Amino acid sequence: MNDIPSRYNPKETEDKWYKFWEEKNLFSAKVNPAKKPFCIVIPPPNVTGILHMGHALNNTIQDILIRYHRMKGEEALWMPGTDHAGIATQNVVEKSIAKEGLKRQDLGREKFIERVWQWKEQYGSTIIHQLKKLGASCDWSRTRFTMDEEYSKAVLEVFVRLYEKGLIYRGSYIINWCPRCSTALSDEEAPHRDLQGNLYYLRYPFKEEFRGLSQKGTVPYIIVATTRPETMLGDTAVAVNPKDKRYKKYIGKTLILPLVNREIKIIADSMVDMQFGTGAVKVTPAHDPNDFLLGKKHNLEFINIMHPDGRLNENAGDYKDMDRFEAREVILEDLKEKGFLEKVQPHRLSAGHCYRCHTIIEPYLSEQWFVKMKPLAKPAIEAVKKGKIKFYPKRWTKVYLNWMENIQDWCISRQIWWGHRLPVYYCKKCKAVTVSKIKPEKCSACGSGDIYQDEDVLDTWFSSWLWPFATFYWPQGLSPQGTVPAEDLKYFYPTAVLVTAPEIIFFWVARMIMAGLEFMADIPFRDVYIHGTVRDIEGKKMSKSLGNIIDPLEIIDEYGADALRFSLISITAQGQDVYLSRERFQQGRNFANKIWNAARFVLMNLDPTQIRVDLCEFFKSQDLDIVNRWILSRFYTTLKQVSKALDNYRFNEAANLLYGFFWHEFCDWYLELIKPEIKERRNQVIMYKILEKFLRVIHPYMPFITEEIWQRLPHMGESITIQPWPHVQEQLIDKKAEKETDILFSIIKSIRNLRAEIEVRPEQKVVVSVYPQIKAAVNLIQNNQGLIRRLANLEELNLLDSSRRPQKTTSDIENKYAVIYLHFSGIIDIAQEQAKIKQGLQDQLKRKAAKEKLMQNPEFVKKANSEVVKKMADEIKELEEKIKRLEKLTDELH
RNA sequence: GGGCGCAUGGCUCAGUUGGUUAGAGCGCUACACUCACAUUGUAGAGGUCGAGGGUUCGAAUCCUUCUGCGCCCACCA
């Protein structure tokens, strides 16, 4: 009689509806002055990316927002795309050609880049397909890639503008160098991790006293401490603090650098911490950022001892071509042998690690390009301080500001091939630098045609920081095919909200704010929502290397995308980390199935001819019964709360509200209540309308199942994705009905409780007498006897007007509203009953005493909210009545 | 060294501006597959809200100190 299976099968629906949405272009957004724009730019995943739980969380949140605002009638645009991810992608392709026994150098730059593009064509859209599996409603027709021709123009434009403004400069500085990737990295790309290492104490002998020391008996050497002994080969000084009494007399003296036999001076600088190590520090200006500063200040020699790949170079003498860590061991051996090693102490230290390959980075002196950040940071700090951009949760504001206020210049050149090549040209003749978007014919200084382009490419983030406007074809404002009109940028920018993870704040969020203000003269987004990190059940971050990954695609396969989405969101408190296990997804699957079966039930019992009516009109024309008034009220109350929660980025709250409403109110109570009279018009209309509206409201969370059901309903419109978000009908919110059903339900629950307690078989009908404790309950019970009888499985229901315990009573129970007596031919355990009553009496007395004490406190009466005081007084009155009744009962039982 | 987060029933967590008897999911116990759903239903057990101190008529909630766990930042040779 009906063709709906009793289990929801996501596999049969998800791909089908996604295809449908795409075919109908339901996700495309256009400039529409009649509508409010709502735009989110996706944090572009790496082209090398495959969907992990972090993506799943990040994109589910964005999809919920986009679908919600689309239904609210805004012009919702979710701008998708991918990031060329310079280092990561180059690494992947290098690995792939390594299978053919090739290195990128074998291919040469051009051929290698060709291979990367080939790779991108083949695998670069994997993540896009996976996002579609998730249900992401991006406007795919706009998909951008940071290496697109037009996008690249924007990148070069920005470089040139900043250069011309004097904000980009080139210079030799100590930067983070990854020997494995063989490139410079920004500070953000080289996060510090703690390591267990050693502090090595080395003896540097004095030159003057070198020979005759043993006779004089003075200290023949100064001891310096270092964690990287191999860098001693590049030492050009030893520094002490000028205030340090121990060393004052040695300042200006000369030492002989062991193994190398270089003469180095002892210099004084207040930078030296007297407390650390021996208070004397070896200075390696080419291999340590602090030493670099000292080197500049004291005009020291800069000796680079390392090849870019981490092996030592010709300046390392005998240690040439050894790997840095191998050299460390050999050097230590040699130092030890020659008596220059004083001691070795275990030492916790932290070192930068390449964020792509996790190799320990080397502070390395090299010529790089930098962006001066302070001038860019200033307005970006202001924008957040003034509240033009808001972080959710708020606490990230401080993290952002702290970083921005201490911002360092940004190293943007990378010594790799895959990326935007610097628009910088050098003249072979006069060495002048020409910076130009398009390759210049000749040197801007001397006019020579003998020029060549810088080999370096730009940091990937130097392109991603333009994402919120470069995706709209800034600065031309027009896509090459003219498919994206110039007005788009104006209409959709600034975007509404950026959704991302905390570790991206510095990399991307902060820089987008700076770029937006600099190039668009406006903030790129109004809100920043920072969600938590996805962890496993033990709290460890999910990562491939730990092997604790839960693959979202497997979850989709097993439970469905809706289940994945719903579960993920319902356990993610705002901004808190998420602890996941596979079992957690059962909740979402079960909920989907519940919705499925409720819809199935409604459809099985639906007469489509009855329901074509406007809900409000229908409501006005009818004298609706309490049950329908209640469920309408509950729906609209929930809707109101859900909208509010979504507006405040409280996604889990909205999810849980919807879950509770649908499962425990609509299914458990409402559908059960109307079952016998389900064909009545009022029930037909209300159950249908609520189901239909509920589907819309849960749709942002569970797009697939809601579409599947929607399509089976006698619906209007082609897809649920573009149905309007229901309006809150305030006039249907009926607190009185809610209160009254609470009375009915608690009476029914109490009876059920009673039955269970004395183990009445479920099929056994019993007789129950009810003595209402509040006036409102009397009529209510009277008018809803049938309902109570059915849900509590009663033979007969008597309404008492006296609290006298009726004859043949087996057991009783009381709740806020009534005392309930159950008549059943079982055995009455008088003692047990007495104990129960006694206990109840004592509880009530205690509660009454507590409340009376509060009421006798003049401070309370004076200061507390009058509503609270009144409530308290009412409660005392109620308690008094209950106590009176209980006392009477005790007497009777004696 | 600086900053942030977390600590609530066996487990994982909610608890918005302080206000009745602190909630949910999972797990557990008992009962129930004729009636949309066993991916289910009904009922139940289980918490002195990490510790001390303070503010307040009133604190899981605000302040403070401490303890434990986790994270971020920093030029700790």
Side-chain angles (χ1 to χ4, degrees), chain A residues 2 4 6-8 174 191-192 199 224-228 231 239 271-273 275-278 280-284 288-293 347-350 363 393 395-396 398-399 402-403 406 408 502-503 505-506 532-533 535 537 539 541 559 563 567 570-573 575-577 579-581 583-584 586-587 589-605 644-645 648 650 652-653 656 659-660 667-668 671-672 675 749 752-757 759 761-763 793 816 843 847 850-851 854 857-865 867-869 871-872 874-875:
Chain A
N2 85 82
I4 307 173
S6 69
R7 283 192 184 193
Y8 172 59
I174 295 275
H192 281 67
L199 196 52
V224 294
T226 179
T227 53
R228 294 184 296 148
T231 61
M271 248 177 82
V272 178
D273 178 1
Q275 311 300 320
F276 190 91
T278 60
V281 56
K282 62 190 271 310
V283 182
T284 322
D288 183 277
N290 280 325
D291 296 3
F292 175 79
L293 293 176
H347 181 70
R348 292 291 295 172
L349 62 124
S350 80
R395 69 183 129 95
W396 295 110
K398 230 169 135 179
V399 175
N402 182 53
W403 187 77
N406 297 294
Q408 302 292 315
E503 60 265 28
I505 294 176
F506 307 143
T533 305
R535 301 176 181 282
I537 205 74
K541 195 167 167 172
Y559 297 114
S567 296
S570 77
I571 58 172
T572 307
Q576 292 300 122
D577 286 353
Y579 295 79
L580 269 190
S581 65
E583 296 72 49
R584 299 232 144 170
Q586 286 169 4
Q587 189 200 0
R589 178 201 56 183
N590 294 355
F591 187 42
N593 201 50
K594 190 71 185 179
I595 296 172
W596 183 254
N597 273 290
R600 179 170 176 252
F601 174 74
V602 169
L603 280 169
M604 279 167 65
N605 292 289
K644 194 179 163 200
N648 289 296
R650 308 178 70 91
N652 70 316
E653 197 175 304
N656 294 330
Y659 182 91
C667 291
D668 289 352
L671 290 181
E672 290 305 322
K675 248 177 201 176
K749 282 173 83 107
R752 288 170 175 171
N753 180 331
L754 213 48
R755 296 179 57 117
E757 208 170 84
E759 294 177 0
R761 301 281 307 162
E763 67 274 13
N793 203 15
K816 274 192 279 188
D843 288 349
R847 284 179 57 197
K851 284 178 202 292
L854 198 55
N857 184 337
E859 293 296 305
F860 171 72
V861 182
K862 207 164 70 191
K863 290 179 185 166
N865 190 318
E867 252 174 66
V868 176
V869 178
K871 221 172 170 186
M872 198 63 67
D874 290 349
E875 281 162 10

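The sequence lines fix the lettering, A, B, ..., with proteins before strands; numbering per chain opens at 1. In this text the structure is predicted, and so the values were computed from the model without any measurement.
At a threshold of 4.0 angstrom between heavy atoms, the contacts of A:Thr284 with the nucleic acid are absent. Within the nucleic acid shown, A:Phe506 comes within 4.0 Å of sugar-phosphate atoms alone, with no base atom in reach, counting heavy atoms only. Using a 4.0 Å heavy-atom distance criterion, A:Glu672 is classed as a base contact. When heavy atoms are screened at a 4.0 angstrom cut-off, A:Arg589 is found touching base atoms of the nucleic acid. Residue contacts shown for A:Val861 are absent, as no nucleic acid heavy atom lies under 4.0 Å away. Among the heavy atoms of the strands lying under 4.0 Å from A:Ala280 is at least one base atom, whether or not backbone atoms are also near.
We find that CH2 of A:Trp596 is positioned 12 Å from C1' of B:C37, with the value rounded to whole Å. To the nearest angstrom, P of B:C11 lies 19 Å from CG of A:Leu580. In this structure, OH of A:Tyr559 is placed 10 Å from C1' of B:U39, rounded to the nearest angstrom. Between A:Asn406 atom CG and B:C72 atom C1' there is a gap of 14 Å when expressed in whole angstrom units. Taking atom CG of A:Asp577 as the reference point, atom C1' of B:G5 lies 9 Å away to the nearest angstrom. The nearest whole Å value for the distance from the CZ atom in A:Arg584 to the P atom in B:A24 is 16 Å. Whole-Å rounding puts the A:Arg348 CZ to B:C76 C1' distance at 12 Å. At whole-Å resolution of the value, NZ in A:Lys282 and P in B:C76 are 15 Å apart.
By the salt bridge (Lys or Arg N to Asp or Glu O under 4.0 Å) test, A:Lys749 is found to be paired with no residue, residues two or more places apart in sequence or in another chain being considered. For A:Ser567, the side chain to side chain donor-acceptor pair (under 3.5 Å) criterion is met by no residue, not counting sequence neighbours. Residues forming a salt bridge (Lys or Arg N to Asp or Glu O under 4.0 Å) with A:Glu859 (at least two apart in sequence, or on another chain): A:Lys862, A:Lys863. Among residues two or more places apart in sequence or in another chain, the side chain to side chain donor-acceptor pair (under 3.5 Å) test is passed with A:Gln275 by none. Qualifying salt bridge (Lys or Arg N to Asp or Glu O under 4.0 Å) partners for A:Arg752, counting only residues two or more places apart in sequence or in other chains: none. Here A:Asp273 pairs with nothing under the side chain to side chain donor-acceptor pair (under 3.5 Å) rule; sequence neighbours left out. Every residue meeting the side chain to side chain donor-acceptor pair (under 3.5 Å) condition with A:Tyr8, not counting sequence neighbours, appears here in chain and number order: A:Thr13. Under the rule for a ring pair (Phe, Tyr, Trp, His ring centres under 6.0 Å), A:Phe860 has no partner lying at least two apart in sequence or in another chain.
With hydrogens and angles disregarded, no donor-acceptor distance shorter than 3.5 Å links the side chain of A:Asn402 to the backbone of A:Lys398.
If you find the closest nucleotide of RNA chain B to A:His192 and to A:Glu859, the one lying nearer the 5' end belongs to A:Glu859. Toward the 5' end of RNA chain B, the nearer of the two residues A:Tyr8 and A:Thr278, judged by each one's closest nucleotide, is A:Tyr8.
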So which protein nitrogen or oxygen atoms get under 3.5 Å of nucleotides 41-43 of chain B's nitrogens or oxygens?
residue	atom	partner	partner atom	Å
B:G41	OP1	A:Lys594	NZ	3.3
B:G41	OP1	A:Trp663	NE1	2.1
B:U42	O3'	A:Arg752	NH1	3.4

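In terms of phosphate contacts, A:Arg7 brings a side-chain nitrogen or oxygen within less than 4.0 Å of OP1 or OP2 of B:U39. Under 4.0 angstrom from either OP1 or OP2 of B:A36 there lies at least one side-chain N or O belonging to A:Lys675.
Distance noted for atom P between B:U56 and B:C4: 27 Å (whole Å). When the P atom is used for both B:A22 and B:A60, the distance is 10 Å, rounded to whole Å. B:U29 and B:U34: their C1' atoms are spaced 27 Å apart (whole Å). Taking atom P on both B:C33 and B:C37, the two are 14 Å apart, rounded to the nearest angstrom. Taking atom C1' on both nucleotides, B:G10 is separated from B:A51 by 22 Å, rounded to a whole Å. Taking the C1' atom of each, B:G47 and B:G27 are spaced 16 Å apart, rounded to whole Å.
Residue A:Phe601 has its side chain nearest to B:A36 when only B:A36, B:C72, B:A77 are considered. Closest to the A:Leu671 side chain, of the nucleotides B:C37, B:A77, B:A36, is B:A36. The side chain of A:Met604 lies closest to B:A36 when the candidates are B:A36, B:C4, B:A77.
How far CD1 of A:Ile595 is from OH of A:Tyr659: 10.0 Å, rounded to the nearest 0.5 Å. Going from atom CG of A:Asp668 over to atom NZ of A:Lys594 covers 5.5 Å, rounded to the nearest 0.5 Å. Here the CG atom belonging to A:Asn652 is positioned 7.0 Å from the OG1 atom belonging to A:Thr572, to the nearest 0.5 angstrom. Summarising the geometry, atom CZ belonging to A:Arg755 is positioned 4.5 Å from atom CG belonging to A:Asn793; distances are rounded to the nearest 0.5 Å. If you take CZ on A:Arg589 and CZ on A:Arg7, they are separated by 8.0 Å, rounding to the nearest 0.5 Å. A distance of 9.0 Å separates NZ of A:Lys675 from CG of A:Asn605, quoted to the nearest 0.5 Å.
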Exercise for the section: Would you write the dot-bracket representation of RNA chain B, where each base gets (, ), [, ], | or . depending on whether it forms a Watson-Crick or G-U pair under 3.5 Å and with which partner? Expected result: (((((((..((((.....[...)))).(((((.......))))).....(((((..]....))))))))))))....
Fill in the blank from the handout: In 5'-to-3' order, the base (B), backbone-only (S) or no-contact (-) status of each nucleotide in nucleotides 14-22 of chain B, using a 4.0 angstrom heavy-atom cut-off, is SS---BBB-
Completion exercise
Per-nt protein contacts along nucleotides 26-32 of chain B (heavy atom under 4.0 Å; B base, S backbone sugar-phosphate only, - none) come out as -----SS
